[in-house]
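Every heavy atom of this structure was used, including side-chain atoms; hydrogens, water molecules and symmetry mates were not.
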Amino acid sequence: MSEGKVGSEVVDAADVTDVADVPVRVADGCFPVETLGPGRRLGVWFQGCALACPGCMSRHTWDAAGGRATTVGELLKSWEAALALGAAGLTVSGGEPLAQPAALAALLRGADRLRRARPPGGRAGRDEAEKNEATPAPLPDVPDVPDFLVYTGHEPDEVPDRLPEEVWAALDGADAVVTGRFRVAEPTDLVWRGSANQRLVPRTPLGIRRYAPHLARTYPPGPRISLRPNGTGTGANVYGVPARGELRQVERALSSTGIHLTNPSWRP
């Protein structure tokens with residue numbers, strides 16, 4: 001496991017003047033995802049992770065040169081479309097989002113503009129979003145305001161010795177974060193967390209309203225993940241935080257129907 005500082009790409013969100021043009025590498029994006037936060041959400045997985053936690057189910061997201069290159073503007077188009085379909089929130093995972101702090105800050109900033117421009121129950125508008133860019137007002141206290149949840153393997157006590165303050169600041173736009181390395185030997189039943197050391201931390205008034213009821217909530221019996229075709233005709237993606245042994249159960253169930261997995265991302 002690498003304990004070094006995260007890269008040299010450090011850009012304060014206040015310095016990002018055109019979020020649409022900020023480059024980003026991503027592993028995946030999907031709507032709706034219902035296993036990584038409350039409600040039907042847009043999930044975005046950043047590419048690249050130097051933490052390399054043993055037992056990670058997403059080894060395909062580790063290589064910083066993997067995935068695909070795109071721009072924050074393209075991700076915001078997906079967010080705008082998800083809002084139009086009633087998205088309850090945006091979840092950013094990976095990989096390690098803080099390995100691309102400029103892109104993360106820009107994505108959260110642009111996504112915030114679009115959610116502020118969205119009428120209650122309605123469609124976001126880019127013109128209104130641009131009006132909200134300069135001095136955002138507090139978000140309205142209404143039930144359907146979408147929230148932002150970000151997963152990071154880092155923790156606050158790594159700042160500043162192992163993680164620059166500027167990198168951690170990329171999380172400023174998140175309403176809630178899940179922090180901490182995945183530890184395969186410390187399973188948990190707490191929702192949306194992969195191991196017992198990980199913490200779900202609300203960071204804004206919206207985050208407190210949305211996530212306080214879930215801080216100590218445990219998973220009900222049943223599947224914790226969803227399996228969907230990935231559009232290639234021969235592959236599938238797994239979304240969610242599996243229970244210990246759940247991925248093996250999925251493999252066995254598929255095998256019993258004649259479907260055999262090759263190169264699953266959770267195997268070394």
Side-chain angles (χ1 to χ4, degrees), residues 1-13 16 19 22-31 33 35-37 41-53 56-76 78-79 82 89-112 146-156 158-159 162-182 192-194 198-204 207 211 239-241 265:
M1 178 183 298
S2 170
E3 293 290 341
K5 289 182 181 263
V6 172
S8 59
E9 183 201 0
V10 178
V11 180
D12 192 305
V16 180
V19 297
V22 176
V24 58
R25 292 199 74 88
V26 297
D28 192 14
C30 182
F31 178 84
V33 174
T35 51
L36 292 169
R41 310 176 68 82
L42 173 66
V44 175
W45 285 263
F46 276 34
Q47 182 71 28
C49 181
L51 301 179
C53 298
C56 174
M57 67 176 287
S58 303
R59 295 170 61 91
H60 65 293
T61 68
W62 289 3
D63 183 0
R68 62 182 178 88
T70 185
T71 64
V72 167
E74 290 302 308
L75 298 183
L76 291 176
S78 296
W79 174 235
L90 167 67
T91 296
V92 183
S93 187
E96 172 51 63
L98 287 182
Q100 300 183 71
L104 176 61
L107 174 61
L108 294 176
R109 183 180 174 192
D112 180 56
D147 70 84
F148 304 154
L149 173 66
V150 179
Y151 281 79
T152 175
H154 293 287
E155 300 183 52
E158 296 178 45
V159 181
R162 288 179 288 169
L163 193 73
E165 293 181 0
E166 305 97 304
V167 172
W168 188 256
L171 295 169
D172 285 351
D175 295 300
V177 295
V178 174
T179 64
R181 312 289 199 272
F182 170 67
W192 309 321
R193 280 149 281 187
Q198 293 182 329
R199 298 288 178 262
L200 173 59
V201 184
R203 294 170 58 93
T204 66
Y211 289 92
Y239 299 116
V241 183
S265 62

Asker: Counting distance only, does the side-chain N/O of E158 pair as donor-acceptor with the main-chain N or O of E155 below 3.5 Å?
Answerer: yes
Asker: Please name the pair of heavy atoms, one in T179 and one in H154, separated by the smallest distance, quoted to 0.1 Å.
Answerer: CB-O, 3.3 Å
Asker: Keeping R25 on the side-chain end and G66 on the backbone end, is there a donor-acceptor pair under 3.5 Å?
Answerer: yes
Asker: Report the residues that fulfil side chain to side chain donor-acceptor pair (under 3.5 Å) with T35, sequence neighbours left out, ordered by chain and then residue number.
Answerer: none
Asker: Output all residues satisfying ring-ring contact (aromatic ring centres under 6.0 Å, His included) with Y239, sequence neighbours left out; order by chain, then residue number.
Answerer: W45
Asker: Sequence neighbours left out, what pairs pass salt bridge (Lys or Arg N to Asp or Glu O under 4.0 Å) with at least one residue falling in residues 170-180?
Answerer: R115-D175, D172-R203
Asker: Keeping the roles fixed (side chain from Q198, backbone from G194), state whether a donor-acceptor pair exists under 3.5 Å.
Answerer: yes
Asker: Start with the C-alpha gap between L42 and V33, add the side-chain angles, then the distance that decides, and say whether side-chain contact (heavy atoms from CB on, under 4.5 Å) holds.
Answerer: CA-CA 6 Å; L42 173 66; V33 174; over 6 Å; no
Asker: I need the minimum non-hydrogen distance between A174 and V150, along with the two atoms involved.
Answerer: CB-CG2, 3.8 Å
Asker: Sequence neighbours left out, what passes side chain to side chain contact (heavy atoms under 4.5 Å, CB included) with T91? Give chain and number order.
Answerer: L36, R41, L149, Y151
Asker: Give a yes or no answer on whether the side chain of S58 reaches the backbone of T61 with a donor-acceptor pair at less than 3.5 Å.
Answerer: no
Asker: How would you list, by chain and number, every residue that makes a side chain to side chain donor-acceptor pair (under 3.5 Å) with S93, sequence neighbours excluded?
Answerer: none
Asker: What pairs with F148 under ring-ring contact (aromatic ring centres under 6.0 Å, His included), at least two apart in sequence or on another chain?
Answerer: W79
Asker: Considering only heavy atoms from C-beta outward, does the side chain of L107 approach that of L76 to under 4.5 Å?
Answerer: yes
Asker: How close do A103 and F46 get, heavy atom to heavy atom, and via which atoms?
Answerer: CB-CE2, 4.0 Å
Asker: Output yes when R181 and E96 qualify as a salt bridge under the 4.0 Å nitrogen-oxygen rule, no when they do not.
Answerer: no
Asker: Using atom types as modelled and distance alone, determine if a side-chain donor or acceptor of Q47 lies under 3.5 Å from a backbone N or O of D63.
Answerer: yes
